[in-house]
Amino acid sequence: MLPHVALGRIAWSAMVRKNTTGTDNRYDVPGLNRGLDLLESLSEDRMPATVADLTRRLALPRSSVFRLLRTLVDKGYVQMDPSGKTFVLGPRVLRLGYQFLASRDVVQAARDDVEALARDTGISAHLVVRDGRDIVYVLHALGSSTFVSNLGVGDRLPAHATPTGQFLLSGLTEAELARLYRGARLDATSPQTPKSLAALRKVRAAGLATGYIVSFGAVHKGGMTIAAPVRAAGGAIVAGLDISGPDDAFDSKQIHARYKDAVVATAAGISAQLGYVP
């Protein structure tokens, strides 16, 4: 090996060691850090943000925020409304996020099963993961029913208000749950939405006790969701599986014997692929 190559590798190894321990930030790129901070700020609020909003949040000069926005708009990571006054995350962020999620074992393991569940039940099937206080849809398979779910890959819903989200929140300790929702409101999407942490804890416990949740109108009025948890090898709930759609898409006489059993069995099959042993 050439001497300068060896020295280069040693220098690189030293840099990695310093950065992973958090003791040396000499190799940080300030502009990149500011751009990532801006994207994170946009992701935390579903409402469009103005330059003034972002300037205040990031504590940066207005001119710097404007240049960052223009760069990210040009790259497709941020979208600007027609008036040029407000900004939201762009589709390229979703593409990156989906590529990451698609590389995860749970998505790879579940894809065929989710499609089979939708095919066998005729109802749209979904796999979701948790991102903070939200769930994110990472797989969506259309059923054969004329009534289909309008939720697709990349869509987000509040975790506390959805059966799959309630399962995913079950993996948190009481302290972690309290920390996650400290200072946050539990906004209601339906009359069934838990409006307090105490109510959310009861819903979590009920779902875990049965291993499934059959919900009428919890997410949307006139809709039905049947959900079950997906577990990893150690038993942690890593995803939520559901079928959902309007009430009319379901045969009311087969809610448990057909639909619920199919969801539970599919979730168990995906969990088994991930190494989970009940």
Side-chain angles (χ1 to χ4, degrees), residues 43 46 89 93-118 121 123-143 148-172 176-177 180-181 186-187 189-190 192-194 200 203-204 206-208 210-215 217-220 223-232 235-245 249 259-260 262-271 273-274 276:
S43 73
R46 294 188 183 90
L89 292 180
V93 171
L94 173 60
R95 191 177 310 125
L96 282 178
Y98 181 64
Q99 287 170 349
F100 164 71
L101 291 168
S103 70
R104 295 178 60 165
D105 289 344
V106 64
V107 176
Q108 293 177 337
R111 189 180 304 278
D112 291 344
D113 294 279
V114 172
E115 292 175 353
L117 178 62
T121 62
I123 311 296
S124 294
H126 312 90
L127 188 79
V128 307
V129 296
R130 185 174 66 86
D131 179 21
R133 294 192 293 268
D134 289 344
I135 57 168
V136 181
Y137 286 75
V138 294
L139 285 177
H140 174 211
L142 291 175
V148 297
S149 167
N150 60 357
L151 292 167
V153 170
D155 285 342
R156 305 170 75 94
L157 288 174
H160 73 277
T162 59
T164 46
Q166 290 157 6
F167 274 124
L168 286 163
L169 290 170
S170 299
L172 301 179
E176 290 170 337
L177 185 69
L180 180 64
Y181 283 96
L186 275 67
D187 293 328
T189 60
S190 81
Q192 300 179 43
T193 302
L200 179 57
V203 173
R204 291 194 315 164
L208 286 176
T210 60
Y212 64 88
I213 296 175
V214 178
S215 167
V219 181
H220 299 293
M224 181 183 295
T225 300
I226 302 176
V230 173
R231 297 178 182 272
I237 297 175
V238 293
L241 175 73
D242 77 28
I243 56 174
S244 61
Y259 302 112
K260 181 268 291 180
V263 173
V264 170
T266 302
I270 298 169
S271 299
Q273 292 183 63
L274 297 175
Y276 174 65

By side-chain hydrogen bond (donor to acceptor under 3.5 Å, both in side chains), Glu115 pairs with (sequence neighbours left out) none
Using a 3.5 Å distance criterion without hydrogens, assess whether the side chain of Arg133 forms a donor-acceptor pair with backbone atoms of Tyr181.
no
Inter-residue atom distance Thr162.OG1 - Asp242.CG, 0.5 Å rounding
8.5 Å
Which residues pass the side-chain contact (heavy atoms from CB on, under 4.5 Å) test with Ala262, not counting sequence neighbours?
Leu117, Thr121
Asp131: partners by side-chain hydrogen bond (donor to acceptor under 3.5 Å, both in side chains), with sequence neighbours left out:
Arg156
For Ala116, check side-chain contact (heavy atoms from CB on, under 4.5 Å) against everything at least two apart and list the hits.
Arg119, Asp120
Which heavy atom in Phe167 sits nearest to a heavy atom in Ala227, and how many Å separate them?
CE1-O, 3.6 Å
Which atom of Ile226 lies closest to which atom of Lys260, heavy atoms considered:
CG2-CA, 3.8 Å
Rounded to the nearest 0.5 Å, what separation is found between the CZ atom of Arg130 and the OG atom of Ser170?
10.5 Å
Distance in Å, Leu139 CG paired with Asp112 CG, rounded so as to fall on 0.5 Å steps
10.0 Å
Indicate yes or no: at least one non-hydrogen side-chain atom of Ile123 is less than 4.5 angstrom from one of Met224.
no
For Ala267, check side-chain contact (heavy atoms from CB on, under 4.5 Å) against everything at least two apart and list the hits.
Ala228, Val230, Leu241
Could you report the tightest heavy-atom contact between Ala118 and Leu142, atom names first, then the distance?
CB-O, 3.6 Å
Identify which one of Val114, Val138, Val129 satisfies the side chain to side chain contact (heavy atoms under 4.5 Å, CB included) criterion when paired with Val107.
Val138
Between atom CD1 of Ile135 and atom CG of Leu169, what is the distance when rounded to the nearest 0.5 Å?
9.5 Å
When rounded to the nearest 0.5 angstrom, what is the spacing between CG in Leu127 and CG in Asp113?
10.0 Å
Contacts of Tyr276 that satisfy side-chain contact (heavy atoms from CB on, under 4.5 Å) - sequence neighbours left out:
Arg231, Ser271, Pro278
Ignoring hydrogens, what is the shortest heavy-atom contact between Thr225 and Pro163? Give both atom names and the distance.
CG2-CG, 4.0 Å
I need the His160 NE2 to Leu180 CG distance, nearest 0.5 Å.
11.0 Å
